[in-house]
Each structure stands twice: as structure tokens, then as C-alpha cells.
2 protein chains.
Amino acid sequence: MKRILIIEDDLNIAELERDYLQLNGFKADIVQDGAQGLQRALTGKYDIVIVDLMLPNKDGYEIIKEARKNLDIPLVVVSARGEDISKIRGLEYGADDYLTKPFSPGELVARIKSHIKRYERLKGNSRGASEVLTHAGLEIHTASHQVSVNGREVQMTAKEYELLLFLASHPNMVFSKEHLLSAIWGDDYFGDTATVAVHIQKIRKKIEKDPSNPEFIETLWGTGYRLTSNYRG
Amino acid sequence: MKRILIIEDDLNIAELERDYLQLNGFKADIVQDGAQGLQRALTGKYDIVIVDLMLPNKDGYEIIKEARKNLDIPLVVVSARGEDISKIRGLEYGADDYLTKPFSPGELVARIKSHIKRYERLKGNSRGASEVLTHAGLEIHTASHQVSVNGREVQMTAKEYELLLFLASHPNMVFSKEHLLSAIWGDDYFGDTATVAVHIQKIRKKIEKDPSNPEFIETLWGTGYRLTSNYRG
DNA sequence: ATTATTGTTTAACATTTTGTTATATAATGA
DNA sequence: TCATTATATAACAAAATGTTAAACAATAAT
């Protein structure tokens, strides 16, 4: 369960926010004092922080600025209408989003969810986060290790899958056979790069319509292989 | 320099956005068609994408949804006032931000900057360093080894690519054929400098409109070759 | 233990790239 | 201008690289 810190001196607003967030499965704490809020944020116990701009002791800008030095979690600024100029300043100080009161609770929740999703997407172990990789008809389901082309499922062996997944995880990047060998087989592996070529061939046989004219895994002569996400008409 | 893709059918708005972004040091491309926009976004050549909601062929929601499968860069939705309900939907589909027209150009730029900052912060700043070299219409994508001229992709062989990359990495500098030979072919290479000349020809054939009157790779008689980043009337 | 599956190596073959050469064209300077 | 020199172009030969099938080895399954 995600934990949210609300730094807001108006208790009515703060509780409204908390209630809505709780209804949506979050756990939210309220702090009414700016300096205290910054301290709590820095404990690292929260997944996201919502900060009001006008606060006793330490205003929202300062909190954002200070917190950002040590936190990369989403920081959302909230302020009363009319302080719009500060919007830009808030963003420049390191806030991730800006909401103007009054806002609908639904919007708050949606934004919070969106920020959490993005944060996990970008932080999450490089690829495990996204479950399905898609490149123009090619689908790789990382959870089930299933691969399909235009809806038709294709059986991959372990090495084939690994190699394909690696290429698909780095679309548009060229990798030499040596690079692929050390990436998939391990740095210390003794072996010929021909192995890579053979596996590429086997993958192509399975996923390409015309393996001698590959659509997905391109060969760059003298350079390596590349899985391109470009459609080619 | 960060590259931004603007998917927006209203050319007035698109150009306004582009101009402001360019004034702020970004490079921005415009696509007016939804389906085409998605394709361009998926090439992986952009650091951020701005999408209008109402588009011909493929609307903003679909673009966001599809693009998000393969991209973790910031996706910003833009829409006319009154479509506010969709705000939440856009965010749920994977957008990173939402702007309602009309917005001030300053705000657009501030948000874009903020998104880029966050992205780099969360990605660990690993990417984005010198991924794309640009010289007046000529683009070299070092990750994918793709070269394009005015948006059209051009196929390069390994040696051609190496040579072009070398020249483009040192714009405005003249290199003798001897220098290029030892830089690309190696210090100990036995071979004629004619080889360099021939490769220059081959590159010119691919990237120059009129290879006998080259715009990119100039010949300096008795001295060598130079890739100039200046336009020449 | 036997069989089936998967992975690796080999070698013949096909393809692409690269370098060389010959010839044409253009620039330079007397 | 004309000879001289440098560069451009095209065609070809050589080298490098990639593909493929098939034999062999290793691993997993029955």
C-alpha cells in the first residue's frame, strides 16, 4: 500500500484529501506545519508528498527545494487560485505537479495514481515493470515468457527468448555479436560469436514472415543486430 | 539538445509551440497526423512527446496508450478547454502531464523542462548525453547508428558511418586524407588515401542532394575535407 | 537409461562491403 | 591558355562478414 504525506495547514482540506485517498486504497498522513512536514518527508517513509504553498514556518517552495535534494519521489504542489505565477516557480524548484484549488477529489486521486505509476515505471527494475513489450505485431509477455506475432503464439526456447527480450528491451540500439554474447551468455563465456548468429537465425525463422528479409531483427553489416520499432511500410 | 515531437493538427498552435520551444533551446518536430505521429514517436528519437487529444486518424488517447508500451519518456497531453473529463482518462492511459488550451508558452516550456529534469533524475542521467548529432538537416543517432537527412533515413555501411561520424563529431575542422585514414582505418594501416576519397564520394551520394556540389562534406583543395554545420546560401 | 529437446560448433555458401584501379573532371598557377 | 595537380566517379576484384544446414554435444524429460 502506498503512503502519502499531506503537508497542509487547513485541516478541512487536508482531511478531505486524506479521506479520498484512503477511499482509493492509499494511506495518508497529515502534517500542518511546514518545517515539520519537511522533516517527515525526509524520513523516506512516503511514496509521494502533497505540499500546500502557504504554510506556517516553511513555505511550499522551500520544502520542495529542500526535499528534492534528497528525494526523487513525486512531489505535488497545491495552491489557491490566484497564485498562478508561482506555478512555474514551483515546477522549477523540483515539483512534479501542480494543482490549483479547488480541484475535484477525483482529479487529485487520478494524478496521484499517475505519478506513482510513472515513478514505478522509471524506477522499477529496468524492464520488469512493463509486462508486455510490443513492437509492431511482435509481443513479448515477460510474465509468461510468451511471444506472439500478429496474435499467433510462437514457441521460443530459453536462449532464444533471452536474446529476443534483450533486443526488444533496447529497441533501436545496435549490438555487436560480441556485445550480445557477453550480455546473454555472460561476460566470462568462452564461445564463438557464431552462436549468436545461429540463434538470431532461429529466432527469425520463428518470428519473421520472410526470414531472409527480416522485419524485426535487422542486420547491420559489420556492426551488429538491431530490433527496430519503426514500422516499415 | 533535447528533441521534442509535437503531434498537433492545428498548424498555428503547433508552430507557436515549436517556436517557443526552439527559443528555449529545444529542437521540435511537428506531425499533424495521429497515426504518423505515433510512428515517429516510436522511432525513439525524441526525448519528450506533446500530443493533442483531437487528431485525424488516431486520437491522443490511442497514441498515449500505444506509445507507452514502448516508451518511458514523458508524454504530455494537450487539449481544448471543455474536454476536462478526459483529463483523467489521459493520465490513466499513461500520460505524464495534461495542459488545457489556451496555455501560456512560458508554462509549456516550464513544464517541458520540469519533465525532462525529472526523467533524467529518475533515469540516472545515463542516456541523453550525445545520442543525436545534428548538423543542419543531417542527423546521426549514435545508439541505433541511423543516419537521416531531412527526416529521410539513409543506409550507411559500417565504414561510411564511422567516417561520417568522425567528421560530424568534429564539425568545422579540416582533416587531410592521411589524417582520416589513420583515424578511421588505424595508425598502422597500409593503404592508399584514395580509399578515403572514394568513401567520401559514397557518403556524399547518400546524404547530399547534389553530390558534385556538396552541402555537408566540403572539399578543401590540397588540404582535406570538412563537415560544416553552417548552412550556405 | 533412453529419448527428445535445446544449444554449440563447423564448414560450405551467399552476400555485402571495401579497396583498387582506370578514367574523367575540376581547380590551380605559370 | 595550358600544363599540372588534385579530386570525382564508376567499374571491378578482393576481402570481410553473415547465413544456413547439418553434425555434434549437452541438457532435460520420460
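Only heavy atoms go into these numbers, but all of them, side chains included; no hydrogens, no water, no symmetry mates. All values reported here derive from a predicted model rather than from experimental measurement.
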Nearest-nucleotide pick for [X], side chain only, options being [options]:
{"X": "B/Q201", "options": "C/dG19, D/dA8, C/dT8", "result": "D/dA8"}
{"X": "A/T157", "options": "C/dT16, C/dT6, C/dT28", "result": "C/dT6"}
{"X": "A/V198", "options": "D/dT20, D/dT7, C/dT15", "result": "D/dT20"}
{"X": "B/W221", "options": "C/dG19, C/dA26, C/dT8", "result": "C/dA26"}

>> Closer than 3.5 angstrom, by distance alone: can the side chain of A/R118 be matched with the main-chain N or O of A/R121 as a donor-acceptor pair?
In response: no
>> Between A/E139 (side chain only) and A/T134 (backbone N and O only), is there a donor and an acceptor less than 3.5 Å apart?
In response: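 A pair under 3.5 Å: no.
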So what does [X] touch, heavy atoms closer than 4.0 Å: a base, only the sugar-phosphate, or nothing?
{"X": "A/T195", "answer": "base"}
{"X": "A/Y189", "answer": "sugar-phosphate"}
{"X": "A/Y225", "answer": "sugar-phosphate"}
{"X": "B/K205", "answer": "sugar-phosphate"}
{"X": "A/K177", "answer": "sugar-phosphate"}

>> Pairing donors with acceptors under 3.5 angstrom, does anything connect the side chains of B/T193 and B/E178?
In response: no
> For B/R204 and D/dT9, is the shortest distance between a side-chain N/O and OP1 or OP2 below 4.0 Å?
Replying inline: no
Rounded to whole Å, how long is the line connecting atom [atom1] of [X] with atom [atom2] of [N]?
{"X": "A/K202", "N": "D/dG18", "atom1": "NZ", "atom2": "P", "result": "18 Å"}
{"X": "B/K159", "N": "D/dT17", "atom1": "NZ", "atom2": "P", "result": "8 Å"}
{"X": "B/E218", "N": "D/dT7", "atom1": "CD", "atom2": "C1'", "result": "15 Å"}

> Is the shortest distance from a Lys or Arg side-chain nitrogen in B/E17 or B/K101 to a carboxylate oxygen in the other one below 4.0 Å?
Replying inline: no
